[in-house]
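I have placed the structure first, in the form of structure tokens, so that the comments after it can refer back to it.
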Amino acid sequence: MKIIVLNGSPKGDNSVTMQYIEYIKKKFQLYDFKIINISRDIKKIEKDMDFFRGILDDVKTCDGVIWAFPLYYLMVHANYKRFIELICERQAEEVFKGKYTISFSTSIHYFDHTAHNYMHAVCEDLEMKYAGFFSAEMHDFFNEEKRKQLYDFAKDFFGTIETYAPVSKAYKRLNYKMPEYINGKPIEKVDLKSKKVIVVTDSFDINENLGKMILHLRGTFIEQLEIINLSDLNIKGGCLGCLHCGFDNICVYDGNDDIRKIYEEKLVKADALIYAGTIKDRFLSSKWKTLMDRSFFNTHQPNLKGKQIGYFISGPISGIVNLREIIQAYVEMNEANLVDIITDEYEGSKELDAQIENFARRLINCAVEKRTNSETFLGVAGTKLFRDEFWGKLRFVFQKDHKYYKKHHKYDFPQKDIKTIITNLIMILLTKVPSMKKNIQKDFTKYMVNPYKKILNSDKI
Ligand SMILES: Cc1cc2nc3c(=O)[nH]c(=O)nc-3n(C[C@H](O)[C@H](O)[C@H](O)COP(=O)(O)O)c2cc1C
């Protein structure tokens, strides 16, 4: 049996993910494995058609495909995504059709589910037989039980292939054809009120819906709006995963391309940002993903703290809940405020005109009032996961993040909350007395709201 492993790590063979694949290889020596370095060799795959065709030949003749990748910014690496785009651009979907497949990742479990959701949907779009995912924490390898889990998972996959077992489906096909948007004249102009607003887009073609959406937004503001087109920037390549940035936030690309400059001279100085893009497969473009990955020069410190963020998206995002979750998480992890996501899935051009004009007003109001929003599980749980990592195992690698977490009081471990510890001690002791316990249970809901009532009845609010 021939198994093709598509390696999503930019580090090639020196990849943590590939060590797990080597483990599988060692355990299943009967099978023939071939690892192809997709993310590392993406430039060659783009330029050299024979090389690309060689990969397709390997896939064509194999019995199973393992999409094996590290997590990069809540998703797969931008180069891996580019490969998926190339499969569609070069109409090579047929090669993948009907192949059994799984996705495998290593990560610190930060939004690993969104990466696997993405790969799962992509595999089904390619009409592959998706047989499941395995998400390893990057250090799981050193735990015998976890290795056994992986062994069982791999065995199950190979068994599925050998028995031609049927697999379940999770995703519906998406309709990428959006109704044509014809932008009108804005009814009422909006004043920027001295706020700096920048649109960042990967394409500004005024014959396309996205371009017209940006045009309408620009026409709504009285003053000129700055537009940064990622296609005009000098971006030398994707994140190398070298972790050079961990110690002092210095990226190996610094001085050689525009990424840091764009962040530091433009994005960080803006009050509000509109990120605009067109859906490509089940995400935005790989160019967008490159910008996200490369913002890692600031490692895990929020790059866009306090900013108002809006998204303009052309394409069927209503069918991609996963992308909405990634956007929400990305904004929350950056401690910014998500004002809205405007899309061209609408009931008519006038409706979209009105939405864009209202968005412009809201954006400026939010910037003037310095609005922040409530956090959801995505931001709250994510921060706690990072907190534990930078305090613990990853402190050495991310020394800058450790300092940031200390300085900004993000090491808020409950073990340090003396008031709660004492309250718990007293209350638990009290409940040891049966009559006390009965009394507390009787009026429990009242006790719970008492502290709220105290504030509501005071002059504090
Ligand atoms: C730029 C960058 C972004 C990352 N993003 C995530 C992430 O969003 N979630 C996560 O759990 N781990 C993330 N990681 C951690 C890697 O996924 C993890 O270290 C993985 O094991 C690396 O595998 P590799 O050596 O095969 O590349 C990120 C690492 C880097 C360098």
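All ligand and atom numbering here is 1-based and tracks the order in the structure. Here the structure is a predicted model, which means the values were calculated and not measured.
Among protein residues, S9, K11, S15, V16, T17, P70, L71, Y72, Y73, L74, T106, S107, I108, H109, Y110, M138, C239, L243, F296 come within 4.0 Å of ligand 1, judged on heavy atoms.
Note that CD of E226 and CZ of R218 are 11.5 Å apart. Values are rounded to the nearest 0.5 Å.
For the pair R387 and W391, the NZ or CZ position fails the cation-pi test of under 6.0 Å to the six-membered ring centre and within 45 degrees of the ring normal.
Ring-plane geometry between F83 and W67 is classed as tilted, the angle between the planes lying from 30 to 60 degrees on a 0 to 90 degree scale. Note on ring orientation: taking the six-membered ring where Trp is involved, the planes of F153 and F134 are tilted (angle from 30° to 60°). Taking the six-membered ring where the residue is Trp, F413 and Y411 present parallel rings, their angle staying beneath 30° rather than reaching 60°.
Ring centroid separation for the pair F133 and F104 does not come in under the 6.0 Å cut-off.
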